[in-house]
Amino acid sequence: MKDRIARIIDDALRRAIVEGRVSVERLPPIILERPRREEHGDFATTIAMVLSRQARCSPRELAGIIVERIDSPMVSRCEIAGPGFINIFVDRAYWWDTLCEILNRGDDYGRVDVGKGRKVQVEFVSANPTGPLHIGHGRGAAVGDSLANILKIAGFDVTKEYYINDTGRQMEILGRSLFLRYRELLGEKVVFPEDHYRGDYIKDIARDMISRYGKKFLSSSEDEVLDRFTHFAMSVILDGIKKDLRDFGVDFDNWYSESSLFERGLVMETIEELRKMGLIYHRDGAVWFRTTDFGDDKDRVLIKADGSTTYFASDIAYHRDKLVRGFSTIVDVWGADHHGYEPRMKALFRALGRDESTLRVIFIQLVSLLRGGEPISMSTRKGEFVTLREVMDEVGRDACRFFFLMRKADAHLDFDLELAKSQAPENPVYYVQYCHARINSIMEFAVSRGVEVPDTPERGCMERLALKEEIDIIKKLAEFEEVIERSALDMEPHRLTFYLMELAGLFHPYYNRHRVVTDDVPLTTARLSLCRAVMKTIAKGLNLLGVSAPEKM
RNA sequence: GCGCCUGUAGCUCAGCUGGAUAGAGCGUCGGACUACGAAUCCGAAAGUCGGGGGUUCGAAUCCCUCCAGGCGCACCA
């Protein structure tokens, strides 16, 4: 609808130019907005104000010239307002047509093609396999997963990936932590270092170890068994992470292991490639990547003086491989505390001759957990963090995912456990879900009364949808695909959440004021069609957010 | 010190690539269930868009500056 109106304006403007009424060098795209106030029409454009200087006439005069040339049955009237706005009122017949189109699209409604089949990879969560997922990872999982869903329906070819940091010092520490707990549980006195993983989950894994191997490793030195302990701990933890994510409704296309980068020689290969480009140098016994050539504020070490590689070395090899795999856009979802890492990663892309916009980093801000308005203290160091599992078990998956998507990713989120699980009106999750369940009830009621619920819309009946509320709902439905496009292009899934709350916010009052199923058969048919369209749109939208659309609650 | 994020109603937040008189929800107060689900709806009060400059026909939105909070500035991951 929006595109069609834009074309009508564009045509009118071009006609004015051809007729010599205005002279304009460059024609900007026609931008339409939805005015806040309804007396300003269904759409409005500022094109006359934008072009007035170029066209050397007043905005209102230019608007008049354009409006005179607008000729379409879709536009019932046009007004020039204020400093030069052109307000456009769409004929209701076209809103009825729109409703029919939406219903005819069926399950396909919402599918758009801004992605044009381009390959995009979304890498998210990627939590180190050193402990269970906490609430912050949950937010990243919700954002990454629904973003991937939205990109998919917007026409991108999406791959979801989890990067496993399974090498390096932290892995050693994990193995040592397990070995220490193992010995401790078998009665040895141990000193547990400050920087080791202190969470109780390590003890649980140690118990597993004991039940499987007994005291077998008690007499072994750490060197002899460290690999085994590390590997054991990691695989148990990783299995737990996978289960948590699966239960959260998140599944990945690919689990990419850091150690595979080394096995395939990609880390050294990447460093070699940069060396050939003259971007590598040695200093103080270390090997450096000259990222300052590409906007970073200092150069970065790839190989330390002790011969081991840095995390960054793995990461550039990993991201180079993403490019090799043919992704045209690479999305990384990171915790906001990693934002300082972005410039050096962008530097890699530029070094490899790619536009830095190829990499889109989405930062996930912290989640503050509250209970009834009171903050719950969290400290990873002491091991008393709140896990995703705990929150999911307490408030449920739907509420959890919905809450994570109620804010834009880079804004702090207050997550109140009591609010999230309350079935009271102030809980927005249920507001949207209830709308879906309620419409389902209407459908069932209609069937029970012997009313036929139409599968395909009957255009003739639609004219009975004459109420302002009904037209408003159709207009909102017509926005759905625009919301999908914007959420995809701006990579902001929270917009979809807001859209669904708005749509439900139009439907509930309508329901309370007007009856759907009455003795008036054509009116009933029309209203059931409207209901069906709302129901489908809400179901589709919730589905993209990873939230269920229940038929009963 | 430098960089990034945030600052909008009592609270939590929207506000699309600058547009018209600033938008929700919660909370507060007052109302609505003998016809499709009251997890709903109706009504009321509530704002110096952190402060100050600038750009422009027009700024919550862009630029500068200051203030407040958070987070980063490793041969850690």
Side-chain angles (χ1 to χ4, degrees), chain A residues 29 31 33-37 39-40 44-46 49 52-53 58-59 81-85 87 128 130 165 167-171 173 195 258 283-288 297-298 300-312 314-315 335-343 363 365-366 370 373 406-408 410-414 416 419 422-431 433-435 437-446 448-449 451 482-483 486-487 489-490 492 494-495 497-498 501-502 504-505 507-518 524 527-528 531 552-553:
Chain A
I31 293 164
E33 60 194 46
R34 294 174 191 276
R36 266 202 291 267
R37 306 175 63 81
E39 58 265 38
H40 293 149
T45 178
T46 58
M49 288 181 281
S52 70
R53 184 172 299 187
S58 79
F85 293 98
N87 295 334
N128 294 343
T130 54
N165 292 117
T167 68
R169 217 177 97 78
Q170 41 147 7
M171 281 294 114
I173 294 176
D195 64 344
E258 182 185 6
R283 195 181 74 203
D284 305 330
V287 174
W288 299 71
D297 49 10
K298 56 184 80 160
R300 306 293 168 176
V301 169
L302 297 178
I303 303 175
K304 298 180 247 176
D306 69 2
S308 63
T309 55
T310 58
Y311 178 85
F312 184 53
S314 302
D315 236 358
D337 53 343
H338 287 73
H339 67 254
Y341 210 74
E342 189 183 20
F363 293 104
Q365 263 297 354
L366 292 177
L370 309 174
M406 282 198 318
R407 302 277 174 272
K408 54 183 171 215
D410 60 0
H412 291 262
L413 171 65
D414 281 344
D416 195 311
L419 176 60
S422 83
Q423 299 193 353
E426 66 261 26
N427 191 336
V429 188
Y430 300 118
Y431 188 80
Q433 287 185 321
Y434 184 55
C435 184
R438 176 174 251 178
I439 294 175
N440 185 65
S441 287
I442 298 172
M443 298 297 177
E444 284 177 357
F445 177 80
S448 77
R449 291 278 293 260
V451 178
E482 289 165 38
V483 171
R486 284 255 68 89
S487 305
L489 293 174
D490 297 340
E492 293 187 333
H494 75 280
R495 293 196 191 188
T497 316
F498 280 91
M501 292 194 283
E502 286 165 13
F507 186 81
H508 285 308
Y510 169 66
Y511 168 89
N512 270 280
R513 229 192 285 254
H514 307 286
R515 255 191 95 71
V516 174
V517 180
T518 61
T524 300
R527 287 184 171 172
L528 284 172
C531 285
K552 300 238 178 299
M553 291 172 67

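Chain letters run A, B, ... following the sequence lines, proteins first, then strands; residues in each count from 1. Keep in mind that what you see is a predicted model, and the values were worked out from it rather than measured. Because only heavy atoms are used, hydrogens play no part in the values below, and waters and symmetry mates are left out as well, while side chains stay in.
- Across all strands, A:Asp284 comes closer than 4.0 Å to base atoms (heavy-atom distances).
- Residue A:Met406 contributes atom CE, which lies 13 Å from atom C1' of B:C11 at whole-angstrom precision.
- For the OP1/OP2 pair of B:A38 and a distance below 4.0 Å, the side-chain nitrogens and oxygens of A:Arg438 include at least one atom meeting the criterion.
- When heavy atoms are screened at a 4.0 angstrom cut-off, A:Asp337 is found touching the sugar-phosphate backbone but no base atom.
- Residue-level contact check: A:Tyr341 touches the bases, meaning some heavy atom is under 4.0 Å from a base atom.
- Interface remark: the A:Arg37 side chain does form a donor-acceptor pair with the B:U21 base, using a distance-only criterion of under 3.5 Å.
- Looking at heavy atoms from C-beta onward, A:Met171 lies out of side-chain contact with A:Glu258 at the 4.5 angstrom threshold.
- Salt bridge status for A:Asp195 with A:Arg169: present, with a side-chain N to carboxylate O gap under 4.0 Å.
- Contacts of A:Asp315 with the nucleic acid, taken as non-hydrogen atoms under 4.0 Å apart, are absent.
- For B:A44, the paired base is B:U28 (Watson-Crick or G-U wobble, both distances below 3.5 Å).
- Using a 4.0 Å heavy-atom criterion, one finds that A:Phe85 contacts the bases of the nucleic acid, with or without backbone contacts as well.
- As judged by a 4.0 angstrom heavy-atom cut-off over every strand, A:Pro83 is placed among the base-contacting residues.
- As judged by a 4.0 angstrom heavy-atom cut-off over every strand, A:Arg515 is placed among the base-contacting residues.
- Residue contacts shown for A:Ala446 are absent, as no nucleic acid heavy atom lies under 4.0 Å away.
- Across the protein-nucleic acid pair, A:Asp490 atom CG and B:A14 atom C1' stand 15 Å apart, rounded to whole Å.
- Put simply, the side chain of A:Thr46 reaches to within 4.5 Å of the side chain of A:Phe85, judged on heavy atoms.
- Among the protein residues, A:Ile303 comes within range of no part of the nucleic acid, since none of its heavy atoms lies under 4.0 Å from any strand.
- Separating the NE2 atom of A:His412 from the C1' atom of B:C5 is a distance of 7 Å, rounded to the nearest angstrom.
- Counting only N and O atoms by type, the side chains of A:Asn128 and A:Gln170 include a donor and acceptor under 3.5 Å apart.
- In terms of modelled atom types and a separation under 3.5 Å, the side chain of A:Arg513 and the main chain of A:Tyr511 share no donor-acceptor contact.
- Residue contacts shown for A:His338 include a base, since a base heavy atom lies under 4.0 Å away.
- Computed from coordinates, the A:Met501 CE to B:G23 C1' distance equals 13 Å when rounded to whole Å.
- B:C67 sits 28 Å from B:U56 when the P atoms are compared, rounded to a whole Å.
- Once the 5.5 Å centre distance and the 30° plane angle are applied, the aromatic ring of A:Tyr511 is found stacked with the base of B:C36.
- Among the nucleotides B:U12, B:A14, B:C16, the one closest to the side chain of A:Ala411 is B:A14.
- Between A:Phe507 and A:Ile439 there is a side-chain heavy-atom pair separated by less than 4.5 Å.
- Taking only distance into account, the side chain of A:His339 meets the base of B:G3 through a donor-acceptor pair shorter than 3.5 Å.
- When the C1' atom is used for both B:A59 and B:G54, the distance is 11 Å, rounded to whole Å.
- Both stacking criteria are satisfied for A:His40 over the base of B:A20: a centre-to-centre distance under 5.5 angstrom and an angle between ring planes under 30 degrees.
- Residue contacts for A:Lys552: at a heavy-atom cut-off of 4.0 Å it reaches a base atom on one of the strands shown.
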